[in-house]
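What follows is a single structure, written as structure tokens, with notes after it.
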Amino acid sequence: MSGILVVLEDRAEKIRSTSWEALAAALKLGSAQSVTAVVLGAQTEALAGEAAAKGVGKVVRVEHPLLARYTADAYCAVLQQLIQNESPTHVVFPHTYQVRDFAPALAARMGQALIGDVVAIEDGPVFVRQLMQGRLNGSYRHHGNGPCFVSVQTGAFRADTVEMNETTAVTTFIPNLDAAQIRTKPSEPFREAAQTVDLASAQRIVSVGRGIKEVENLGLVQDLAAAIGAELAASRPICDNGWLPMERQVGSSGQTVAPKLYLAVGISGAIQHLVGMKGSQCIVAINKDPEAPIFEVADYGIVGDLFEVVPALTEAVKAVKA
Ligand SMILES: Cc1cc2nc3c(=O)[nH]c(=O)nc-3n(C[C@H](O)[C@H](O)[C@H](O)COP(=O)(O)OP(=O)(O)OC[C@H]3O[C@@H](n4cnc5c(N)ncnc54)[C@H](O)[C@@H]3O)c2cc1C
């Protein structure tokens, strides 16, 4: 057994950004040369082209007319064949709804478990998963024969660490697949949520918490978000109150985000909130309580009253841009 397979997922004929994060995770397990990126479909040329531009050893196009629409049965059948062919040490996926649908069954077929929703990879390799709403971290090591199946949490690995490469070899794998093997009738792909805002791919987020006190005060953070070109997000109480839509909630029961800038305004930093944003590249927190837990993950902390700090910051940003 050698090498690492990373199974990329696409939507509307584009590789999804979470797949590049899975690729970044795969690159923590081995050299770029040892990583093979896998794309699946009925026609995968464009997807393979996207993957081949990344710094990986090889791209494999798994092509079959019956892969035109996703089904768990077809994905399990063809990936099992590919894995038997390639004999990788690890198979890495993004932890998407689609992966949750088929990857545990694929791993079980091959006598393995799936280490799901991994947030970090340490030497060993040891895979870290969060337990009990993020209160505890569990460390998992793969034992025994056969490949180790891993899916990685959105936002846990940095897609921008993957280097580019113009000379990646692309090969095609034609699996044996029969319509009789597919027990389900494909329907519309599952949508993670009917969202008008995609916080997961936002570069800048201004996130507001209960410190804002009243719905009428939200304009303050909306102005700041507009000034810095950020998406507006919130902690759970804000969304529970109906002050902002649920799709803007960050945390264990909301979205996981990893922007370049996460500006937390009047948010205490409860663990359920932190698990959704601590992968952000730069965290700035504004809170009047110097002991607020948000400061433990913040790169920059501003201890002060948000009703003074936020308008001043908005004006300062506008002045710089003027
Ligand atoms: C199963 C479960 C799932 C959950 N999922 C989520 C989730 O997905 N996302 C989430 O966010 N929470 C979630 N929670 C809730 C979480 O535990 C916290 O209750 C919540 O995150 C607190 O939100 P907050 O920080 O806005 O409010 P608070 O904890 O009330 O904090 C408000 C902060 O504002 C500061 N503040 C007050 N006034 C000012 C001022 N004038 N200027 C500056 N600072 C000020 C205070 O010092 C305080 O730190 C979940 C809880 C459970 C049990």
Side-chain angles (χ1 to χ4, degrees), residues 18 95-97 100 117 119 129-138 153-156 192-195 197-202 204-225 227-228 230-259 261-280 283-317:
T18 48
H95 192 71
T96 61
Y97 281 99
R100 275 177 252 188
D117 217 6
V119 295
R129 303 179 63 232
Q130 291 176 325
L131 307 170
M132 302 177 72
Q133 295 284 348
R135 284 191 181 84
L136 293 177
N137 277 348
Q153 189 176 90
T154 303
E192 317 264 320
Q195 284 166 350
V197 50
D198 182 11
L199 291 182
S201 53
R204 278 166 276 192
I205 291 178
V206 171
S207 196
V208 58
R210 198 147 43 186
I212 198 74
K213 293 191 175 59
E214 303 287 343
V215 64
E216 290 75 28
N217 299 333
L218 277 181
L220 276 183
V221 280
Q222 277 160 340
D223 287 349
L224 177 59
I228 62 176
E231 285 288 353
L232 192 61
S235 65
R236 180 163 160 174
I238 301 298
C239 300
D240 280 352
N241 283 348
W243 295 357
L244 285 174
M246 296 305 286
E247 66 193 34
R248 294 198 183 259
Q249 180 179 318
V250 169
S252 60
S253 47
Q255 293 204 51
T256 303
V257 299
L261 172 69
Y262 189 88
L263 212 160
V265 180
I267 292 178
S268 59
I271 187 68
Q272 295 88 356
H273 189 82
L274 297 187
V275 296
M277 46 64 78
K278 66 183 180 192
S280 306
I283 298 171
V284 179
I286 303 171
N287 199 303
K288 68 176 184 186
D289 174 8
E291 302 296 325
I294 191 78
F295 289 129
E296 286 170 28
V297 297
D299 299 284
Y300 299 95
I302 303 170
V303 179
D305 184 343
L306 73 88
F307 294 99
E308 292 169 17
V309 176
V310 171
L313 200 52
T314 307
E315 286 315 311
V317 173

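Everything quoted here is computed from the prediction, not taken from an experiment. Start at 1 and go down the list; that is how both ligands and their atoms are numbered.
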Report task. Heavy atoms only: give me the nearest Pro293-Ser268 pair and the separation to one decimal. Result -> CD-O, 3.0 Å
Query raised in the report: What part of Val250 sits under 4.0 Å from ligand 1 if we count only heavy atoms: the side chain, the backbone, both or neither?
Result: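 Answer for Val250: backbone.
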Requested in this report: Have a look at ligand 1 and work out which part of Ala270, if any, has a heavy atom under 4.0 Å from it: side chain, backbone, both or neither.
Outcome: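 Side chain only.
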Report task. Run the contact test for Ser252 against ligand 1 with a 4.0 Å cut-off on heavy atoms, strictly below, and give the result. Result ->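 It does; at least one heavy atom falls under 4.0 Å.
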What atoms of ligand 1 come within less than 4.0 Å of a heavy atom belonging to [X]?
{"X": "Phe307", "result": "41 (N)"}
{"X": "Gly209", "result": "26 (O)"}
{"X": "Gly254", "result": "8 (O)"}
{"X": "Asp289", "result": "47 (O)"}

Query raised in the report: Going by distance only, is there an N or O of Leu306 that falls short of 3.5 Å from an N or O of ligand 1?
Result: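 Yes - when backbone and side-chain N and O of Leu306 are compared with those of ligand 1, one distance drops under 3.5 Å.
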For [atom], the option (of [options]) bearing the nearest heavy atom:
{"atom": "atom 12 (N) of ligand 1", "options": "Glu291, Arg236, Arg210", "result": "Arg236"}
{"atom": "atom 49 (O) of ligand 1", "options": "Val265, Asn287, Asp305, Ile286", "result": "Asn287"}
{"atom": "atom 7 (C) of ligand 1", "options": "Gln249, Met277, His273", "result": "Gln249"}
{"atom": "atom 8 (O) of ligand 1", "options": "Ser253, Gly266, Gly269, Gly304", "result": "Ser253"}
{"atom": "atom 28 (P) of ligand 1", "options": "Ser268, Gly251, Ala285", "result": "Ser268"}

Query raised in the report: When you look at OH of Tyr300, are more than 12 heavy atoms from neighbouring residues, nucleotides or ligands closer to it than 6.0 Å?
Result: no
Query raised in the report: Given side chains that start at C-beta, do those of Arg236 and His273 come closer than 4.5 Å, heavy atoms only?
Result: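 In short, these two side chains do not touch, never coming nearer than 4.5 Å.
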